[in-house]
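Remember, it's a predicted structure, so these values are computed and weren't measured experimentally.
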Amino acid sequence: MPANKGVPPSAGEGAGAGAGGEVDRRRRALIESYVGRKVSVSTSDLHHVVGRLVEIDQDDRLRILVDNQEVHVRRQGVVRIHEADPALAEYLK
């Protein structure tokens, strides 16, 4: 389990014009570290998803399996992501 469990992708971001690309790379790396695991994702449009993160596709969307149904979430819309307890029910709200 990553040491940064439960940390929002935006935590610890530096200010300044040059920081944008680095911040984006860190966010992507954080999300990629959860591929293949059960995750809990909160989005900027107030949705919440619990399921298995399959991949980040070429359109920069997270592909998540929720109860054997595929759900797509824009990576830029992820506000918080962390590894979910395996016993937690999978759902989309």
Side-chain angles (χ1 to χ4, degrees):
M1 183 177 311
N4 56 4
K5 178 180 186 247
V7 175
S10 59
E13 295 177 291
E22 178 62 24
V23 168
D24 191 56
R25 283 190 293 277
R26 284 189 294 169
R27 278 186 176 161
R28 185 174 181 89
L30 171 66
I31 293 170
E32 284 177 342
S33 72
Y34 292 116
V35 170
R37 299 179 184 187
K38 190 173 201 176
V39 294
S40 175
V41 178
S42 298
T43 67
S44 58
D45 57 355
L46 305 178
H47 285 87
H48 191 82
V49 181
V50 176
R52 188 151 315 273
L53 178 58
V54 177
E55 70 174 346
I56 301 175
D57 66 17
Q58 291 180 350
D59 294 333
D60 216 20
R61 296 181 304 165
L62 282 64
R63 202 172 104 209
I64 303 171
L65 282 180
V66 179
D67 265 345
N68 296 320
Q69 292 190 23
E70 201 169 278
V71 175
H72 294 269
V73 176
R74 290 180 313 108
R75 183 178 58 87
Q76 294 83 355
V78 172
V79 174
R80 182 178 173 95
I81 184 169
H82 60 90
E83 189 167 355
D85 187 317
L88 188 61
E90 294 183 359
Y91 66 92
L92 170 65
K93 179 176 111 175

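Here the side chains of Asp57 and Glu55 are in contact, with some heavy-atom distance below 4.5 Å. At least one side-chain heavy atom of Asp24 sits less than 4.5 Å from a side-chain heavy atom of Arg75. For the pair Leu30 and Arg26, the minimum side-chain heavy-atom distance is 4.5 Å or more. Two residues are said to be in side-chain contact when any heavy atoms from C-beta on lie closer than 4.5 Å; Lys93 and His47 fail this criterion. Taking the side chain as every heavy atom from C-beta outward, Ile31 and Leu53 approach each other to under 4.5 Å. For the pair Asp60/Arg28, a side-chain contact is recorded, criterion being any heavy-atom separation below 4.5 Å from C-beta on.
The shortest non-hydrogen separation linking Arg74 to Leu62 is C-CD1, 4.4 Å. When all heavy atoms of Ser40 and Val50 are compared, the pair lying nearest together is OG-CG2, 4.1 Å. The minimum heavy-atom distance linking Leu92 with Val66 is given by the pair N-CG1, 4.1 Å.
Without hydrogens or angle criteria, Asp85 side chain to Ala87 main chain gives a donor-acceptor distance under 3.5 Å.
Counting non-hydrogen atoms of other residues, nucleotides and ligands closer than 6.0 Å to CD of Glu70 gives a total above 12. Residue Asp45 places its CG atom among more than 12 non-hydrogen atoms of other residues, nucleotides or ligands, all under 6.0 Å distant.
Just one of Arg37, Arg52, Lys38 meets the salt bridge (charged side-chain N to carboxylate O under 4.0 Å, His left out) condition when paired with Glu83; it is Arg37.
Distance CZ/Arg80 to OG1/Thr43: 13.5 Å, rounded to 0.5 Å.
Val41 and Val54 fall into different hydrophobic clusters, where Ile, Leu, Val, Met, Phe, Trp and Tyr side chains are chained together by heavy-atom contacts under 4.5 Å.
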